[in-house]
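Here is the naming used below: chain letters follow the sequence lines, and residue numbers restart at 1 for every chain.
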Amino acid sequence: MTRLAVIDFETTGISPGQGDRATEVAIVLLEQGRVVDRYQSLMNAGVRIPSFITQLTGITNAMLTDAPSAAQAMAEASRFVGDTPLVAHNAAFDRKFWQAELARIDLPATQPFVCTLLLSRRLYPQAPNHKLGSLVDYHRLPRTGQAHRALADAEMAAHLLGQIQHDLRQRWGVATPHSALLMDLQRCSKAAVDKLLAQHRSLAA
DNA sequence: TGCCAGGCCCTCTTTAGGGCCTT
């Protein structure tokens, strides 16, 4: 069974190494491309949210006052994901926070990450840019809530992943665009994309 | 004190620099 978990973090900044912390996490669980479950939680890491982050996300310090602790939310998120491969838009960012927040509570973060940003750069070089919102508009996918909130962004990334898998089947003839192929595709050079997809097309034929 | 992300990718490149993308 093809099972993937699309994840998105809201945070106080861009670098956990510089003290930035997660403020919200959302995960959309997909089986065979269909949403089968969701997890979403604000989390209180005991740090102040910079005002420009509140302007960006709408998440305020007051909203975190009664939120679960970061330890509680991350433990729940870890249980929810299990060993399911994760998917994120600009996965390098979400992977940093996934690893940093789980390390704080001594939990492993060994799940592989699929990146819809890298995949989109390879498959849709003609897109005006590769921001999540722009790609949603480019593919005429549904907006699923307030942008820059974790669940809305995770849902949009899930729709984008669905579009990528659809296009791999319809435009590139790949019968089963499973996570291993997606990871090969995001790692290979741009010049090697066509060759890789041709190999998978011939395997499927 | 002053500084402060980092991986990917393009190009007027490779002995480098800068834009993109995430919050």
Strand contacts (DNA chain B) in [range], 4.0 angstrom heavy-atom criterion:
range: residues 5-29 of chain A; result: A:D8, A:F9, A:E10, A:T11, A:G13, A:I14, A:S15, A:Q18
range: residues 104-118 of chain A; result: A:L117, A:L118
range: residues 57-66 of chain A; result: A:T57
range: residues 140-159 of chain A; result: A:H148, A:D153

Query raised in the report: Do A:D20 and A:T11 meet the criterion of a side-chain donor-acceptor pair at a distance under 3.5 Å?
Result: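 Side-chain D/A pair, A:D20 to A:T11: absent.
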
Is the backbone N or O of [Y] less than 3.5 Å from a side-chain atom of [X], with the two atoms forming a donor-acceptor pair by type?
X: A:N44; Y: A:L64; answer: yes
X: A:T12; Y: A:R21; answer: yes
X: A:D94; Y: A:A88; answer: no

Query raised in the report: Would you say A:R143 has more than 12 foreign heavy atoms packed within less than 6.0 Å of its CZ?
Result: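 Atom CZ in A:R143 is packed in, count exceeds 12.
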
Once salt bridge (charged side-chain N to carboxylate O under 4.0 Å, His left out) is applied, do any residues pair with [X], and if so which ones, sequence neighbours excluded?
X: A:R38; answer: A:E155
X: A:R169; answer: none
X: A:D37; answer: none

Separation of the [atom1] atoms in [N] and [M], to the nearest angstrom:
N: B:dC12; M: B:dG18; atom1: P; result: 15 Å
N: B:dT13; M: B:dG19; atom1: P; result: 16 Å
N: B:dT23; M: B:dG6; atom1: C1'; result: 14 Å
N: B:dT14; M: B:dC9; atom1: C1'; result: 14 Å

Could you list all N or O pairs between the protein and nucleotides 18-20 of chain B that sit under 3.5 Å apart?
residue	atom	partner	partner atom	Å
B:dC20	O2	A:R121	NH2	3.3

Query raised in the report: When clusters are formed by joining ILVMFWY residues with side-chain heavy atoms under 4.5 Å apart, either directly or through shared neighbours, do A:V87 and A:V28 land in the same one?
Result: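 As far as the 4.5 Å side-chain criterion goes, A:V28 and A:V87 are connected within one cluster.
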
Atom pair distance, as rounded to whole Å: [atom1] in [X] and [atom2] in [N]:
X: A:Q186; N: B:dT22; atom1: CD; atom2: C1'; result: 15 Å
X: A:L42; N: B:dT23; atom1: CG; atom2: P; result: 15 Å
X: A:L123; N: B:dC9; atom1: CG; atom2: P; result: 12 Å

Requested in this report: Just jot down the ring-ring contact (aromatic ring centres under 6.0 Å, His included) partners of A:H139, sequence neighbours excluded, or say none.
Outcome: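 Scan of A:H139 (ring-ring contact (aromatic ring centres under 6.0 Å, His included), adjacent residues dropped) gives A:Y124.
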
Requested in this report: Would you please name every residue forming a ring-ring contact (aromatic ring centres under 6.0 Å, His included) with A:F97, sequence neighbours left out?
Outcome: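 Result, ring-ring contact (aromatic ring centres under 6.0 Å, His included) vs A:F97: A:F93.
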
Query raised in the report: Is it true that A:D137 and A:R140 make a salt bridge, defined as a side-chain N closer than 4.0 Å to a carboxylate O?
Result: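 Not counted as a salt bridge, because no side-chain N and carboxylate O are separated by less than 4.0 Å.
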
Report task. Answer yes when A:R149 and A:E24 have at least one side-chain N-carboxylate O distance shorter than 4.0 Å, and no when they do not. Result ->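 Salt bridge between A:R149 and A:E24, a charged N being under 4.0 Å from a carboxylate O: yes.
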
Query raised in the report: Taking the side chain of A:H89 as heavy atoms from C-beta outward, which of B:dA5, B:dT22, B:dC10 is closest to it?
Result: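 Out of B:dA5, B:dT22, B:dC10, the nucleotide with an atom closest to A:H89's side chain is B:dT22.
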
**Report entry** Contact list for residues 14-35 of chain A, test ring pair (Phe, Tyr, Trp, His ring centres under 6.0 Å), sequence neighbours left out
**Finding:**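 Every candidate ring pair (Phe, Tyr, Trp, His ring centres under 6.0 Å) pair involving residues 14-35 of chain A fails, so no pair, neighbours aside, qualifies.
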
Report task. Mind jotting down which residue pairs meet the ring pair (Phe, Tyr, Trp, His ring centres under 6.0 Å) criterion with at least one end in residues 21-76 of chain A? Sequence neighbours excluded, please. Result ->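 Those involving residues 21-76 of chain A are A:Y39-A:F80.
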
Query raised in the report: Going by the angle between their ring planes, with limits at 30° and 60°, are A:H178 and A:H200 parallel, tilted or perpendicular?
Result: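 A:H178 vs A:H200 ring planes: perpendicular.
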
